[in-house]
Structure formats: structure tokens, C-alpha cells
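Structure, as C-alpha cells:
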Amino acid sequence: DAKTTQPPSMDCAEGRAANLPCNHSTISGNEYVYWYRQIHSQGPQYIIHGLKNNETNEMASLIITEDRKSSTLILPHATLRDTAVYYCIVNGANSKLTFGKGITLSVRP
Amino acid sequence: GAVVSQHPSRVICKSGTSVKIECRSLDFQATTMFWYRQFPKKSLMLMATSNEGSKATYEQGVEKDKFLINHASLTLSTLTVTSAHPEDSSFYICSARAAGVPAETQYFGPGTRLLVL
């Protein structure tokens, strides 16, 4: 069972920031928050992960609340190619990834 | 870096035949590989975990004699769907976990679309 809850869908305008929320209220101390995305008919793509500090890479930023019960993935300047299903996954070291339904992000021109 | 390939990308076969799908980590060594299946408009479901040099661990409800997994090297795992039937038609995706990184991160292949007639 997925340990996260995400809204089913959201949209944003091209060029604007996309903020994708995720709740993981039962996360335990040694579990990481991972984000993957899946563009239609492709394999999932790793985006970012974090434990408790905010993280940033060339793709996105991950903001984790102080109590670690929720997080937000930020795509700073969304493009049409960012349209995909985004999965927020809580995972401990050496354990398996369990994919929920994810959130479908639609970027509109 | 961290590229995973799959071959073939799509395959059509007759009912009763066997199909082999290859998963390769191209630029890193993967001690563990995973096989997933995804039906239309559904999420990925883990089928099995494959460790190099040992037997695969199958998820509940996945028939190990039907879905044969071999992980003979640190860069290659294969999934063979034996005696395929139309209900086995699906999108099969592998992933590889890179060793030696601070946290466990899986890199996914592009997937193989199987259609059984």
C-alpha cells in the first residue's frame, strides 16, 4: 500500500511554477521521500529525493515540512514536456518502491 | 549517467509462445534489478526483485514458473514470459538500483510493450 496521498490532477500554465503537493503523515524517521514521473508510454524517470532537508537539482526542488508529514515538488518553469504523472513515494533504505496513483500534471500553453 | 535500456521496445507474439525481455544498466553496476508490470491507466505493480547471482524474489500473486527471471551479471537481467496468453499483454518495465549511493535510487528502463494474440 502506498504511504502517500496526492491530488489526482492539477494543471498549470507553461512557464509558471508547478507546485505538486504530497501528504505522508505516517512517514518514519529513516524513510526518504522520492519523486518520479512517468510521461505517457515511457518508463518512470527519477526526479529527486530527500530525507528532511530541502533539496534542489537541475530538474526540481523538493520542500519537506519540518514535521516531515508533507512535501511539495516544485518545477520552477513548467514546459509542455513536463506533462506527466508524478509519483510521490516514501521509501526506506533497501526497500521496494510502491507506486500509488500519482498526480497527473497537465501543462497548458 | 544512470541509463537503463530494455529490448525489445515492443513485441507481438502468438498465444502459447515464450517471450524474453532484456534489461541492461549501461553505465553502472546494478546489484539489484526490479521488474514491474503496468496495465492501461493503472499504476506500476512490482512483479519481482532480482539480485545478481541469486534467485529472484516474487511478489504475492506472481507466478515464478510463468515469469522466469535471470540476473546473471551486474548489468543484465532478463524476464521470460513463458506460454504467454492474451491476459499477459501489458507494459513491462525494469529498473536497476545503483550500488554505492547514499540513498536507494532506482533508474527505470523505457519499457517493453507486449501484445499476445
Side-chain angles (χ1 to χ4, degrees), chain A residues 1-9 22 27-55 57-60 62 64 68 71 84-106, chain B residues 1-7 9-10 21 23-26 28 30-51 56-60 62 79 90-115:
Chain A
D1 294 330
K3 299 179 182 179
T4 65
T5 56
Q6 301 175 256
S9 63
C22 180
I27 191 170
S28 57
N30 64 344
E31 290 182 317
Y32 288 80
V33 179
Y34 282 81
W35 283 84
Y36 287 81
R37 74 179 182 184
Q38 187 177 25
I39 296 171
H40 183 62
S41 294
Q42 298 182 23
Q45 178 188 21
Y46 165 78
I47 300 173
I48 200 168
H49 73 275
L51 184 62
K52 54 183 179 180
N53 296 324
N54 297 337
E55 303 288 344
N57 62 20
E58 64 278 5
M59 290 184 68
L62 175 60
I64 302 174
R68 304 213 318 127
S71 61
V85 179
Y86 287 76
Y87 297 97
C88 170
I89 301 171
V90 165
N91 184 35
N94 293 318
S95 61
K96 300 172 284 192
L97 295 178
T98 300
F99 286 81
K101 296 181 179 179
I103 178 173
T104 299
L105 173 67
S106 300
Chain B
V3 177
V4 176
S5 70
Q6 279 184 245
H7 177 80
S9 58
R10 57 179 63 228
I21 302 170
C23 177
R24 293 180 185 272
S25 56
L26 298 185
F28 65 100
T31 53
T32 305
M33 289 184 169
F34 303 85
W35 287 96
Y36 295 81
R37 180 167 54 181
Q38 186 175 34
F39 291 106
K41 298 188 178 182
K42 299 291 185 181
S43 191
L44 282 78
M45 295 297 294
L46 179 65
M47 298 176 66
T49 302
S50 167
N51 291 297
T57 302
Y58 291 81
E59 296 299 300
Q60 191 173 11
V62 178
L79 168 69
S90 188
F91 192 46
Y92 291 86
I93 308 168
C94 73
S95 70
R97 188 163 67 194
V101 294
E104 304 298 339
T105 302
Q106 293 182 30
Y107 297 96
F108 287 80
T112 297
R113 194 162 298 282
L114 170 63
L115 176 61

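It should be emphasised that the depicted structure is a prediction, and the values quoted were computed from it without experimental measurement. Below, chain A is the first sequence line, B the second, and so on; all start at residue 1.
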Check each atom of A:Q45 against the heavy atoms of chain B and say whether the ones under 4.5 Å are side chain, backbone, both or neither.
-> neither

Separation between CG (A:N91) and CD (B:Q106), nearest 0.5 Å, reads 7.5 Å

So, for [X] and [Y], which heavy atoms are closest and what is the spacing to 0.1 Å?
X	Y	result
A:S41	B:F91	O-CZ, 3.7 Å
B:S43	A:G100	OG-O, 2.5 Å
A:G43	B:I93	CA-CG2, 4.3 Å

Side chain, backbone, both or neither of B:L46 within contact of chain A (heavy atoms, under 4.5 Å) = side chain

Under a 4.5 Å heavy-atom cut-off, does chain A meet the side chain of B:Q38, its backbone, both or neither?
-> side chain

State whether the number of non-hydrogen atoms from other residues, nucleotides or ligands found under 6.0 Å of A:M59 atom CE is greater than 12.
-> yes

Looking at B:F108 versus A:F99, is the centre-to-centre ring distance below 6.0 Å?
-> yes

Decide yes or no for A:L97 and B:Y36: does some side-chain heavy atom of the first lie under 4.5 Å from some side-chain heavy atom of the second?
-> yes

